[in-house]
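Sharing a structure, written as structure tokens. Questions coming.
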Amino acid sequence: MRILLVEDSLPLAKAVTIALQKNGYAVDHCADGLDGLTMAQQTSYDAAVIDIMLPSLSGLEILEKLRTQENPLRILLLTAKDTIQDRVHGLSQGADDYLIKPFALDELLARIAVLCRRAYNQSSPVLSLGSLEIDTSKKLAEINGKNLNLRTREFNLLEYLTLRKNSVVSRREIEEHIYDELVTPMSNVVDTAIYTLRKALSSSGEGAPKIQTRRGQGYLLVE
Amino acid sequence: MTRLSSRLLAIILPVLGLVWLISSGALYWYARHSLYERIDAELRVAATKLPLHSPLTPPDLALRTDSPDEEQTPFFVGSELFFQIWKENGQTLERSHSLLGEELQKRGLFEESPNFGEQTFSDGRKIRTLTTLRKPPPTIQDDTRPFLTVDFPANARNMTITIPADRRKPPPPAVFPGFKTHIFPTNTEKLYQGNRHVIIAKDLSSVEQTLSNFRVGIAASTLIGLLAATLAVRFAVKKGLNPISTLAHKVSLIESQSLDRRISLPKTLEELEPIALGINELLERLESAFERERQFGSDLAHEIRTPTAEIRALAEVGLTWPEQFGPAEIRSIHDSSRRIEGTTQALLDLTRIDSKAFPLQTAQVNLAQTTSEILEAFSNQARQKDLILLTELPSTEISAPQSLVVIIIQNLIGNAIAYAPPKTKISIVIRNSAFIVTNEAPKLSPEDLPLMFERFWRKDTSRTSPDHAGLGLRLVKVAAAQMHAQITPTLKDGTLAIEIQF
């Protein structure tokens, strides 16, 4: 899952970025409101964490512009503004969630996970495909009860392909949702991850889902 | 709590009562005065009929006759009219029969002009008196001519005889058959020739009775009038205060969440318009104050919550992923805690200065020396931004609280260094007990000048800068106000100058 973080407090942004990355998210951060809007418009993020009081453009203005453009990005407003009016205003502007500073990182991660699931119309933290079961909260992938012991990148790829099961997922989509902006488009990280994941799935026994390659289109996870 | 209607009644009723009493008193005085004038006129008339006990005053003859018809005179026994005449030596010359055993007092006698007065008889009756002086009539020369010839009707019992002035001589008794007539000596030498001091009086009993009845009438009408006035005023006041009750009801509906409401009144109630306007102005001020407080709370929350969030998030990262936690994160936590400390300290200073809990001992403060010491503390920051500090600091001593002077100079210099663009000039000048800091401020507009001294005001609404909370200039303003120093901010061609006149 790829998250956009727009926060002008650099220490806070750093801490949140570390927490998100450690939980398998790809994170793009910027400290300016206008930059944040541009990034949200150009990249298909799974969710965005946006501060309200930002230089150049406020979080509420970003929200308003995105919703005007019918951008469905799931947005969590992260702010020190704590009055009921502030929250109501933020949510009525189109925010999906609202979290007041200071906050517990675990709570932020849980809320972001909910937003990401909502992006794929998934309400349960447990995803399944045939004998494959993925517990997104525990970061655990099992086939027939056997742990696949995937590394973060491979787990994220499997989770994303499972969320998009029975759909062809393009290489670009994988890059956008699994990797952050630091990964260059020309790198072969996606190929490497697909290869590793296929190997893990094929060695897990019968009933494991398969990753099919559609030339020129992308990848498809099927039972 | 006293009701307004009761207060109005307490004011109106005594005033009404006083007006009533004054008008009643004036009416009573007028009635009494009229009655006394009538009595005085009566006394004057009676004085013309006064018998002067002297044969030289023939017109009195008829009055002096002790005939059974004496009651026809004004001074008969039982009459309300009295007189008494004294000689110059104070000896009574004559007195009316109506006096019976009473004696008029010789008050006011021996005065040339007539005067009125009052006396009281021994039985308590009050009388009105007219005191006057009668001069003796001219001496009558012996005259052998026939005195007077009068043809009496057969049944005549009383009559007045008018004698020509040049023939004043008492007639012989035979002239008035059937009348008991006094015989007066014709020897003028035996007659009293001196001035006569006269008091004519009238019993005031009937007048006093009339006035007494009048007083009772006034008292009764006063009581009834006041009672009626009380009811009428109470009704009128209650009716008149209805709009105030409506106004009070409207005001009572306004709460802290609905301070944007305003009072509207019908135009017919002009008297209440100033009250409604006053309330509306108060509501505007309250709304503005509440808005400022809300903004203050919001700004304070941001200033405290953001660094607190930084500390908490970094600490949680350090606890969960220690390998991610290094000197940079420790430095961030340190900086964030310093920000909280700075904000808290500034707020405490503001509160203390506002509540006069700050040390305010006045001392001789050398502005130049204080400024130099503060500049020394800011020299590193200025160097990092390549700022050029131009100073003009002549030795100037002022009498002021040292702590407040330090707060003012420190915040003005700190503010200039923080917000001046890099590689620009900052001028710090002391001139005639005035401290002036000038720096470039390209982002400021004239509209910002009155706002920049508000709590937590920042030109950057995102409040991103971690170094300032927007309390410095507020501290300057509050400290200057405590010292009665004047602040003058000016903005010209993108250059901000703040002058403090100590």
- A:Ser9 side, atom OG; B:Arg339 side, atom CZ - distance, nearest 0.5 Å: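 Those atoms lie 6.5 Å apart.
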
- Might you confirm whether atom CD of B:Glu323 has over 12 heavy atoms from other residues, nucleotides or ligands at distances under 6.0 Å?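 Correct, the count exceeds 12.
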
- Approximate separation, where rounding is to 0.5 Å, of A:Asp106 CG and B:Glu316 CD: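 So the CG of A:Asp106 and the CD of B:Glu316 are separated by 6.5 Å.
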
- Message: Looking at every non-hydrogen atom in both residues, tell me the closest pair between B:Gln324 and A:Ile18 and how far apart they are.
- Response: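 That closest heavy-atom pairing would be CG-CG2, 3.7 Å.
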
- In terms of heavy-atom proximity below 4.5 Å to chain B, should A:Ile52 be classed as side chain, backbone, both, or neither?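 No part of it gets close to chain B.
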
- Engaged part of A:Ala13 at the chain B interface, taking heavy atoms whose separation is under 4.5 Å: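 Neither part.
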
- Give the minimum heavy-atom separation between A:Lys14 and B:Ala328, together with the two atoms involved.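 In terms of heavy atoms, the two residues are closest at NZ-CB, 3.8 Å.
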
- A:Lys101 NZ to B:Arg312 CZ distance, which is reported to the nearest 0.5 Å: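 The CZ atom of B:Arg312 is 13.5 Å from NZ of A:Lys101, to the nearest 0.5 Å.
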
- Message: Surrounding CG of B:Leu253 (heavy atoms of other residues, nucleotides or ligands, distance under 6.0 Å), is the total greater than 12?
- Response: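 More than 12 heavy atoms, drawn from other residues, nucleotides or ligands, come within 6.0 Å of this atom.
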
- Query: What's the verdict on side-chain contact (heavy atoms from CB on, under 4.5 Å) for A:Leu105 and B:Val317, showing C-alpha distance, side-chain angles and the deciding distance?
  - Reply: CA-CA 8 Å; A:Leu105 283 175; B:Val317 165; 3.6 Å; yes

- B:Ile311 CD1 to A:Leu12 CG distance, which is reported to the nearest 0.5 Å: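 Rounded to the nearest 0.5 Å, the CD1-CG separation comes to 11.0 Å.
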
- Is the number of heavy atoms from other residues, nucleotides or ligands within 6.0 Å of NZ (A:Lys65) greater than 12?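 Not buried by this count: 12 neighbours or fewer within 6.0 Å.
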
- Item | Residue from B:Leu314, B:Thr306, B:Ile333 passing side-chain contact (heavy atoms from CB on, under 4.5 Å) with A:Pro11 |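 In the set B:Leu314, B:Thr306, B:Ile333, the residue that makes a side-chain contact (heavy atoms from CB on, under 4.5 Å) with A:Pro11 is B:Leu314.
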
